[in-house]
Amino acid sequence: MAGDSQILNTKSFNVIKKIIVFTTLFFLVFSFSYFYITEPFYTFKSTLVHYSNLINIRNTGFLIHPIYLSIYTGVSIIFCLDLFLKDKRYVFFALSLILLVFMGILNKKGPILSLVLVGVFYVFKERLYFKKSIYLIPVFLLLLVAIVFLPKYKDVNGFVELKHLIEQKSKTSSSTGIRLQIYDCAIHKITESPILGYGIGDVNDVLNNCYLNSKTLPVEKNYNTHNQYFSFWLSAGILGLTAFLFYLFTVLKIAKEQNFKIFYLISLFFILNMLTENILEREDGVIFFSFLINLYLFKNDVIDG
């Protein structure tokens with residue numbers, strides 16, 4: 001590898017960031033346009049409403065869960081803002097705004113909240129001076145407007161559910177209610193076997209038995225834990241969870257020591273999303289996560305972000 005030490009330099013990393021940004025944006029715009037043009041009787045508004053469902057059922061050959069598309073979009077936004085703040089190329093600022101609109105259209109709580117927390121962390125961690133941080137204000141405002149005012153499927157805004165968490169716990173018609181009931185079963189099963197867990201591959205059977213006994217969720221849905229940390233704990237016990245947390249801590253430690261600011265933010269973005277998704281158990285998630293993490297971990301040159 002000695003002769004390849006210049007392959008992953010700053011310039012090549014920026015090229016990779018741009019490829020991810022443009023391919024994600026192309027997929028979003030092309031798929032939205034495709035549904036708008038080809039779906040019979042669909043207006044622009046109805047395409048907005050149904051887009052997050054259509055990409056998972058009608059996008060033949062390119063089906064993707066809207067949450068994972070939101071994660072791709074969130075990563076692309078982070079890359080856009082990084083490219084803009086470094087080089088003041090306003091095209092990337094404009095692209096980040098377009099991507100934010102699609103985040104609002106997809107309207108997935110986990111990726112959006114993770115992106116906001118990463119943004120807030122970045123502002124305070126870097127102590128950005130006003131002239132630089134002011135560019136982030138329209139970004140957050142646009143995201144807020146998109147979340148509040150864009151039309152939603154069945155006129156249900158997932159973020160409103162968060163205001164009434166106690167009431168949601170008894171509802172299986174909302175994603176928040178489903179997750180809360182899944183977490184109840186996951187925590188209950190963890191307390192029954194916290195040290196050794198239940199073995200890799202047996203977690204869903206354990207959860208399905210809990211759903212069946214509690215009569216809360218339909219077993220045929222085969223819901224996973226919707227939390228990567230719970231999944232590791234159930235699969236491999238406290239030792240497996242500890243090993244996974246140590247791995248994530250090591251990733252953040254390397255990013256901090258080598259001053260890979262964007263690597264740190266991307267890692268943090270994934271870590272936060274793992275609170276509500278089993279990212280490492282779906283092809284859509286594990287490939288993207290592994291590619292980005294290993295791209296930085298095995299880089300030969302030490303660069304800034």
Side-chain angles (χ1 to χ4, degrees), residues 16-35 50-80 98-118 153 158 175-176 178-179 182-183 186 200-201 203-204 207 220-232 234-235 244 247-248 251 262-263 265-297:
I16 292 172
K17 292 175 189 175
K18 292 172 185 176
I19 290 173
I20 291 173
V21 168
F22 285 115
T23 52
T24 302
L25 185 61
F26 174 80
F27 179 85
L28 290 164
V29 173
F30 179 82
S31 58
F32 185 90
S33 303
Y34 172 79
F35 296 136
H50 294 283
Y51 177 71
S52 63
N53 292 320
L54 290 170
I55 57 171
N56 200 28
I57 59 176
R58 297 284 183 89
N59 213 21
T60 307
F62 298 96
L63 299 179
I64 182 171
H65 194 286
I67 288 179
Y68 288 85
L69 183 55
S70 293
I71 291 174
Y72 294 177
T73 306
V75 170
S76 298
I77 290 169
I78 293 172
F79 282 158
C80 271
I98 298 172
L99 290 165
L100 277 167
V101 171
F102 275 101
M103 285 285 280
I105 294 172
L106 292 166
N107 196 39
K108 296 304 172 184
K109 301 184 290 295
I112 289 176
L113 290 174
S114 297
L115 183 65
V116 171
L117 289 173
V118 167
Y153 181 64
S175 61
T176 302
I178 290 171
R179 275 179 166 78
I182 290 172
Y183 296 157
I200 297 172
V203 173
N204 272 25
L207 290 175
E220 62 271 14
K221 290 288 187 178
N222 204 35
Y223 289 117
N224 62 30
T225 58
H226 282 71
N227 181 302
Q228 192 66 69
Y229 309 103
F230 284 168
S231 181
F232 270 100
L234 284 166
S235 297
F244 179 59
Y247 165 74
L248 294 177
V251 168
I262 294 304
F263 179 30
L265 296 179
I266 294 296
S267 301
L268 185 60
F269 181 67
F270 277 112
I271 287 170
L272 290 171
N273 275 289
M274 287 178 188
L275 290 169
T276 55
E277 283 299 319
N278 293 35
I279 290 177
L280 302 183
E281 296 172 31
R282 287 184 63 116
E283 183 180 349
D284 296 339
V286 68
I287 292 177
F288 195 50
F289 173 83
S290 300
F291 171 74
L292 290 176
I293 297 301
N294 286 302
L295 189 67
Y296 280 98
L297 284 180

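Note that the structure is a prediction, hence the values are computed from the model and not measured.
- By the 4.5 Å heavy-atom criterion applied to side chains, L280 and M274 are counted as neighbours.
- Take F270 and apply the ring pair (Phe, Tyr, Trp, His ring centres under 6.0 Å) test, not counting sequence neighbours, and it matches F289.
- Side-chain atoms of S231 and N224 include no donor-acceptor pair closer than 3.5 Å.
- Contact check for T225 versus Y183: no side-chain heavy atoms found under the 4.5 Å cut-off.
- Pairing each heavy atom of L275 with each of N227, the nearest pair is O-ND2, 2.9 Å.
- Note that OG1 of T24 and OH of Y72 are 8.5 Å apart. Values are rounded to the nearest 0.5 Å.
- The two atoms that bring R58 and F35 nearest to each other are CB-CE2, 3.9 Å, heavy atoms only.
- Between the CE atom in M103 and the CG atom in L106 there is a gap of 8.0 Å [rounded to 0.5 Å].
- Residue-environment remark: CZ (F62) stays at or below the threshold of 12 foreign heavy atoms within 6.0 Å.
- I55 has its side chain within reach of P66: a pair of non-hydrogen atoms, C-beta onward, lies under 4.5 Å apart.
- Side-chain contact check for F32 versus L54: every heavy-atom pair is 4.5 Å or farther apart.
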Going through the distances and angles, do S267 and I293 end up as a side-chain contact (heavy atoms from CB on, under 4.5 Å)? CA-CA 7 Å; S267 301; I293 297 301; 3.6 Å; yes
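- For F22, the CZ atom sits in a packed shell: over 12 heavy atoms of surrounding residues, nucleotides or ligands are nearer than 6.0 Å.
- Side chain to side chain, S31 and Y51 meet the donor-acceptor criterion of an N or O pair below 3.5 Å.
- A 4.5 Å side-chain heavy-atom check between L25 and S76 finds every atom pair outside the cut-off.
- Counting heavy atoms from C-beta on, the side chains of F263 and V251 come closer than 4.5 Å.
- The environment of Y229 atom OH is dense: over 12 non-hydrogen atoms of other residues, nucleotides or ligands sit within 6.0 angstrom.
- Taking 4.5 Å as the limit, some side-chain heavy atom of L292 sits within range of a side-chain heavy atom of F79.
- With rounding to the nearest 0.5 angstrom, the CG atom of L295 is 11.0 Å from the CD1 atom of I266.
- How far CG of L234 is from CD1 of I200: 12.0 Å, rounded to the nearest 0.5 Å.
- Here the straight-line distance linking atom CD1 of I98 with atom CD1 of I77 works out to 11.0 Å at 0.5 Å rounding.
- In the displayed structure, L117 atom CG is contacted under 6.0 Å by more than 12 heavy atoms of other residues, nucleotides or ligands.
- A heavy-atom distance below 4.5 Å is not found between the side chains of N204 and Y223.
- Distance alone, capped at 3.5 Å, places no donor-acceptor pair between the N278 side chain and the E281 backbone.
- Using a 4.0 Å cut-off between charged side-chain N and carboxylate O, E277 and K108 make no salt bridge.
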Report the C-alpha separation of F291 and I16 in whole Å, then their side-chain angles, then the decisive distance to 0.1 Å, and conclude whether the side-chain contact (heavy atoms from CB on, under 4.5 Å) test is met. CA-CA 11 Å; F291 171 74; I16 292 172; 4.2 Å; yes
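- A parallel orientation is assigned to the rings of Y34 and F30, their planes being inclined by less than 30° (bins at 30° and 60°).
- Minimum heavy-atom separation, T276 to G110: OG1-CA, 4.0 Å.
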Going through the checks in order, is the side-chain contact (heavy atoms from CB on, under 4.5 Å) test met by F27 and T73? CA-CA 10 Å; F27 179 85; T73 306; over 6 Å; no
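- Taking all atoms of both residues into account, the shortest heavy-atom contact from D284 to I64 is OD2-CG1, 3.8 Å.
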Go through it in stages, so that I can follow the logic: the residues are V286 and I279, the test is side-chain contact (heavy atoms from CB on, under 4.5 Å), and I'd like the CA-CA distance, side-chain angles, deciding distance and then a yes or no. CA-CA 6 Å; V286 68; I279 290 177; 5.9 Å; no
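- The nearest pair of heavy atoms linking F269 to P111 is CE1-O, 3.5 Å.
- Atom-to-atom distance recorded for I287:CD1 and R282:CZ is 12.0 Å, nearest 0.5 angstrom.
- Contact detail for T23 and I19: the closest heavy-atom pair is OG1-O, 2.6 Å.
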